There are 2 protein chains.
Amino acid sequence: MATKTRDKPETVEADSATRERILLEAARLFRHHGYAATTLREVADAAGIKAGSIYYHFESKDQILGEVLDKGILAVIDAVQQRVNSLPAKATARQRVAAAIEGHLWGLLHHGDFTSANIRVYGQIPPAAKNRHRKIRREYADYWDRLLEDALQRGELRPDTSTAIIRLFVIGALNWTVEWYNPQKGSFQDFVKQITSIVFDGTFLRERG
Amino acid sequence: MATKTRDKPETVEADSATRERILLEAARLFRHHGYAATTLREVADAAGIKAGSIYYHFESKDQILGEVLDKGILAVIDAVQQRVNSLPAKATARQRVAAAIEGHLWGLLHHGDFTSANIRVYGQIPPAAKNRHRKIRREYADYWDRLLEDALQRGELRPDTSTAIIRLFVIGALNWTVEWYNPQKGSFQDFVKQITSIVFDGTFLRERG
DNA sequence: CATGTTCTCGAACATACGTTAGTTAGAGGG
DNA sequence: CCCTCTAACTAACGTATGTTCGAGAACATG
């Protein structure tokens with residue numbers, strides 16, 4: 001056995017734990033090496049099994065990729081909707097968007113391997129796998145557009161730029177934080193506050209007018 | 001495009017044109033399929049030659065990657081410095097940063113295949129290739145930090161957030177535009193104006209204070 | 001025409017990959 | 001004790017990849 005000397009008879013109880021382990025390690029490797037550069041033998045090694053055993057849990061490498069991508073975006077969507085929905089009905093648009101930003105950042109940064117793999121790899125997968133994800137991405141984009149349109153109608157959003165561009169800019173900026181966010185430099189809550197403030201009010205002091 | 005259909009015997013006169021062609025097609029393929037997923041046979045095909053011929057111009061696939069990455073970041077740095085340097089000495093910090101933003105976007109979007117390949121692939125290459133590029137990235141980051149520190153000392157930048165976070169946020173947001181910018185929807189100059197305005201003043205109208 | 005250089009080709013090689021197949025070992029129920 | 005299910009293993013197959021190499025075409029120069 002090539003594994004790390006686990007002599008305790010705990011072979012069972014590993015219901016689908018191995019499956020989760022494979023997904024976790026695959027996400028980590030996809031994130032850091034890319035999809036094509038990651039071999040199933042590496043994934044198996046990281047998960048403490050042999051390559052052939054992966055096929056007991058998954059049908060193909062592509063299927064693993066699909067599940068990793070799903071986990072990434074679903075974690076974000078879930079966190080966003082949870083926070084926005086728990087707001088009182090009388091919340092301002094600014095508060096609702098702030099909740100969405102916090103949710104997006106939380107989902108993004110607390111499932112870094114899955115979300116980063118999603119972001120990095122999405123542009124590089126065959127159209128077949130892409131189409132399945134385009135729909136859910138589209139829905140998430142529409143969700144943001146509704147938030148922003150609402151803000152616009154309430155007169156809180158700047159009216160000189162389309163909500164589509166604002167959404168693309170904001171989500172893009174947020175997504176990128178997964179590449180440089182360092183949890184050891186300050187708390188997550190502080191980080192969210194800073195990012196939200198920049199998104200809302202910009203980086204420069206307002207020009208004298 | 002890739003299919004030029006030049007039936008004339010113009011095999012020669014391709015001094016180093018073939019070399020450039022290889023780099024261009026490699027960048028395009030790296031961008032859309034990733035590094036490992038791109039085969040030299042695909043690159044050769046797109047460049048109108050056979051796979052073996054690539055080795056007359058390059059030593060290895062890694063070398064091609066290195067040159068593609070270089071071209072990407074150098075195009076951006078060049079465009080930024082050109083615009084900032086052509087500003088009058090009495091320019092405000094805001095004007096200087098605006099020039100940097102425009103330069104960054106211009107280099108980014110006008111060499112999309114090289115810059116996007118750089119952005120997408122950088123996180124996934126072996127440390128050996130990474131180290132060579134870390135230095136130049138570090139210098140570019142320092143350049144931005146000086147611009148922002150200058151703005152801070154002049155009292156133009158918001159003082160409640162570190163220049164490092166502002167830089168990471170702004171450059172990240174700008175970099176992401178290469179994934180969604182559509183040159184058919186409005187002019188480049190309009191796009192720059194909108195992005196710059198969002199970066200400076202944010203997405204929401206200022207809160208009553 | 002002869003010669004040298006530049007550039008490309010075609011075929012091959014060793015390796016590594018995703019995947020398949022056959023087998024083994026333990027657990028639990030009858 | 002037998003049977004079945006689960007979960008893993010080992011070994012192999014076919015293919016594709018990066019790379020090498022010798023041969024030859026196209027052109028420039030003499």
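Please read all numbers here as calculations on a predicted model, not as lab measurements. The figures here come from the full heavy-atom set of this structure, side chains too, leaving out hydrogens, waters and symmetry mates. Chain letters run A, B, ... following the sequence lines, proteins first, then strands; residues in each count from 1.
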**Request:** In whole angstrom, give the distance that lies between atom CD1 of B:Ile64 and atom C1' of D:dT19.
**Result:** 12 Å
**Item:** Set of side chain to side chain contact (heavy atoms under 4.5 Å, CB included) partners for A:Ser53, sequence neighbours left out
**Value:** A:Ile49, A:Lys50
**Request:** For the side chain of A:His57, starting at C-beta, report the closest nucleotide among C:dG18, D:dA8, D:dT19.
**Result:** D:dA8
**Message:** Under a plain distance cut-off of 3.5 Å, with no hydrogens placed, do B:Tyr140 and B:Asp145 share a side-chain donor-acceptor pair?
**Reply:** no
**Request:** Could you note down all residue pairs passing salt bridge (charged side-chain N to carboxylate O under 4.0 Å, His left out) where residues 109-129 of chain A supplies at least one of them, sequence neighbours left out?
**Result:** A:Arg31-A:Asp113, A:Arg120-A:Glu179
**Item:** Partner residues of A:Gln189 under the side chain to side chain contact (heavy atoms under 4.5 Å, CB included) criterion, sequence neighbours left out
**Value:** A:Glu102, A:Ser187
**Request:** Sugar-phosphate means primed atoms, P, OP1 and OP2; the rest is base. With that split, encode nucleotides 11-16 of chain D 5' to 3' as B, S or - using protein heavy atoms under 4.0 Å.
**Result:** -B----
**Fill in**
Note: for A:Ser53 and A:Ala36 on DNA chain C, the residue whose nearest nucleotide lies more 5' is A:Ala36
**Request:** Look at B:Thr18 and C:dT8 and indicate whether a side-chain polar atom (N or O) is within less than 4.0 Å of OP1 or OP2.
**Result:** yes
**Message:** How many whole angstroms separate atom CD of A:Glu42 from atom P of C:dG18?
**Reply:** 9 Å
**Prompt:** Between B:Arg21 (CZ) and C:dT8 (P), how many Å, whole number?
**Reply:** 11 Å
**A:Ile49 CD1 to D:dA7 C1', straight-line distance once rounded to whole Å** = 10 Å
**Item:** Residue whose nearest DNA chain D nucleotide is more 5′ - A:Ala51 or A:Tyr56
**Value:** A:Tyr56
**Prompt:** Taking atom C1' of C:dT8 as reference, at what distance in whole Å does atom CG of B:Leu40 sit?
**Reply:** 16 Å
**Request:** Send over the distance from A:Tyr55 OH to C:dT19 C1', rounded to a whole Å.
**Result:** 5 Å
**Fill in**
From CD1 of B:Ile22 across to C1' of C:dC7 the rounded distance in Å is 11 Å
**Request:** Would you tell me if any nitrogen or oxygen in the side chain of A:Lys50 comes within less than 4.0 Å of OP1 or OP2 on D:dA8?
**Result:** no
**Asked** Would you say A:Thr38's side chain and A:Leu29's backbone share a donor-acceptor pair under 3.5 angstrom?
**Response** yes
**Request:** Nearest whole angstrom, please: distance from the P of D:dA8 to the CG of A:Asp45.
**Result:** 15 Å
**Message:** So, using side chain to side chain contact (heavy atoms under 4.5 Å, CB included) as the criterion, who are the partners of B:Leu168 when residues are at least two apart?
**Reply:** A:Trp180
Could you go through residues 70-81 of chain A and list every donor-acceptor pair under 3.5 Å that involves a side-chain atom there, pairing it with any protein atom two or more places apart or in another chain?
residue	atom	partner	partner atom	Å
A:Asp70	OD1	A:His133	ND1	3.4
A:Asp70	OD2	A:Arg132	NH2	3.0
A:Lys71	NZ	A:Glu20	OE1	2.8

